[in-house]
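I have placed the structure first, in the form of structure tokens, so that the comments after it can refer back to it.
The structure presented is a predicted model; accordingly, all values stated were derived computationally and were not measured. Start at 1 with the first residue, then count along the sequence. Note that ligands are numbered from 1 as they come in the structure, with each ligand's atoms numbered from 1 the same way.
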Amino acid sequence: MLRMLVAGLLLSSAVMAQRLPSDQLGEQKLRQYAGLALDWERQYLRINTSNPPGNEIAAARWFKQVFDAEGIPSQVFEFRPGRANIIAWVRAGSAATERPLILLNHMDVVTSDPARWKTPPFSAEIIGGSVYGRGAQDMKSIGVAQLLVMVMLKREGVALNRDVIFLGTADEEVDDAGSDWMIANHPELLRNAEYLLTEGGETLAQGDAVQYVGIDTAEKSPFWIHIAAAGRPGHGSRPLPDSAPNELVRALGKLVAYRTELKILPVTEAFLAAMAPLEQGERARCFRDPRAAIHDNRCAQMIGADESLNYMFRNTVSLTMLKGSEQTNVIPGEAWANVDVRLLPGEEPQDFLALIRKVVSEPGVSVEAQQKKFRRANASRLDTPLFSAIKDVSAHYFGNAPVVPRLSSGYTENQMYRELGITCYGFNPYTATPEEGATHHGDNERIRVSEVQRGFRVLYDVVMEVSAGK
Ligand SMILES: [Zn+2]
């Protein structure tokens, strides 16, 4: 009898485990929330927060009126005229056993050229099953999903084991003034958090199937370098062997021929291992054992030749700006180049600068850091309940698609919040095809209506898995 009872309990808990929290809301409520998601998506996309100038205060006020109507406490910080952040809380109260989860979204968008769009960038028109608007991919739709999650937690009276915090920031696309201000002026509102979810990551759709779910757990960091050469100026008709342009070109010749060391980070190792089954032949062999691959000539060559892989394994160096004389017949006294360097997590910029000085060493050539402020690249752990929750929920929504951690070559606000000791991931609850993904910062930015009506559910289930009291 007891054995049957235990078996019955095990069975029911296994069945329960397959049902996601959102399933338990029932069809009618889910339809209502999906309707709300589309309404709010269109309202939010119509607010012009092109940065510059930003004007995020309009977006912050829009979020605030929703939070006020729903009885969710929130606060707007207008730290400069027109520039604002907003924070809102759904609290666990005395049931809190875990530290908070932050849902972070930047409210500004990049500028757009309306002449190149099918429909004005702030019209939020629906054409062919997609909502068009600047920010549809980057990242107003995620902001809407995060808003929905807050409203659902509140309306459903979910018993939470941790506070869930909504944070909308200004100025991510230009200078991160919003997050900088928040961290400098209100660290007490953020510092205690355990987790943060924001943009980054990629849930790649190919036709009806999801290819893979990439979760950004680490980002590289830009470290721009200025290389200058000085020499005797003169007339182009009387060549000077040690002129500034000649010295510069000799130095740059060494720089572009130089191969930085291949390194393997835990995130890269996990990424390749998860993707190995999708690869074939030589590539599959290299993917299966990345630690050995970096010491194997053929694998190292394959990595170096593939721009989508190369950046994960090394500090990269791209020569981007060059300047010499203004006139063909004038030998200038100075010539310079700017170099876009991207450092892996854990790298020391001063060490890399010293290395580059050694590599390019030429008389009269100087190598200096171009930036005043450097944000050290960092990474979050992969073995967390939040990562597992994203895996579980993805398996439900996205079938057999591998869920893989990624190192992003670009920069996101995650870097700033990791410095507070928070585990930060970039996760996209919406799928996008390569064509839709390419509208990020491009023309005709859009998202499918069906994704708007589902993405919030995916995020809700992830949040519930790590935040709902058991
Ligand atoms: Zn963005």
Side-chain angles (χ1 to χ4, degrees), residues 40-41 44-45 47-56 58-60 62-63 83-87 102-112 121-122 124 131-147 149 166-183 196-204 213-222 342 375 377-378 380 406-418 422 424-434 436-447 451-452 455-456 459:
W40 284 346
E41 173 84 18
Y44 188 30
L45 284 177
I47 302 170
N48 184 345
T49 52
S50 299
N51 186 14
N55 194 35
E56 297 90 345
W62 179 80
F63 278 121
R83 313 307 299 269
N85 299 324
I86 179 168
I87 188 165
I102 296 176
L103 303 174
L104 170 70
N105 65 92
H106 66 81
M107 301 182 289
D108 59 322
V109 294
V110 293
T111 53
S112 27
F122 298 96
V131 193
Y132 281 64
R134 174 55 87 217
Q137 291 289 331
D138 181 14
M139 65 171 287
K140 283 184 166 170
S141 299
I142 295 181
V144 168
Q146 294 180 347
L147 174 67
V149 168
F166 174 102
L167 178 60
T169 56
D171 197 36
E172 190 271 348
E173 297 290 0
V174 176
D175 202 30
D176 290 312
S179 280
D180 267 338
W181 187 90
M182 216 53 214
I183 290 168
L196 180 148
L197 284 175
T198 188
E199 68 179 341
E202 177 181 37
T203 306
L204 184 68
V213 181
I215 302 170
D216 287 355
T217 62
E219 287 91 27
K220 292 181 84 176
S221 193
R342 303 285 169 139
R375 301 187 194 277
N378 50 27
S380 287
R406 295 195 322 176
L407 170 68
S408 166
S409 63
Y411 165 82
T412 73
E413 289 175 300
N414 276 335
Q415 252 158 334
M416 305 167 74
Y417 292 90
R418 284 203 194 99
I422 305 172
C424 301
Y425 295 144
F427 167 60
N428 199 334
Y430 302 103
T431 72
T433 63
E436 290 163 345
T439 67
H440 179 127
H441 287 210
D443 305 324
N444 294 313
E445 192 175 348
R446 61 189 181 274
I447 183 168
E451 285 301 311
V452 174
F456 72 90
L459 187 63

Would you call Arg418-Glu219 a salt bridge at under 4.0 Å N-O?
yes
Considering all heavy atoms, the nearest Thr198-Asn414 contact
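Scanning both residues completely, I find the closest heavy atoms to be CG2-OD1, 3.2 Å.
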Listing residue and atom name, which protein N/O/S atoms are closer to the Zn ion (ligand 1) than 2.8 Å?
His106 NE2, Asp138 OD1, Glu199 OE1, Glu199 OE2
Taking [Y]'s backbone N and O only, do any of them form a donor-acceptor pair with [X]'s side chain (distance below 3.5 Å, no angle check)?
X      : Y      : result
Ser141 : Ala136 : yes
Lys140 : Val109 : no
Arg83  : Ala170 : no

For the residue pair Trp62 and Trp40, categorise the inter-ring angle as parallel (less than 30°), tilted (30 to 60°) or perpendicular (more than 60°).
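The arrangement is perpendicular - the two ring planes meet at more than 60°.
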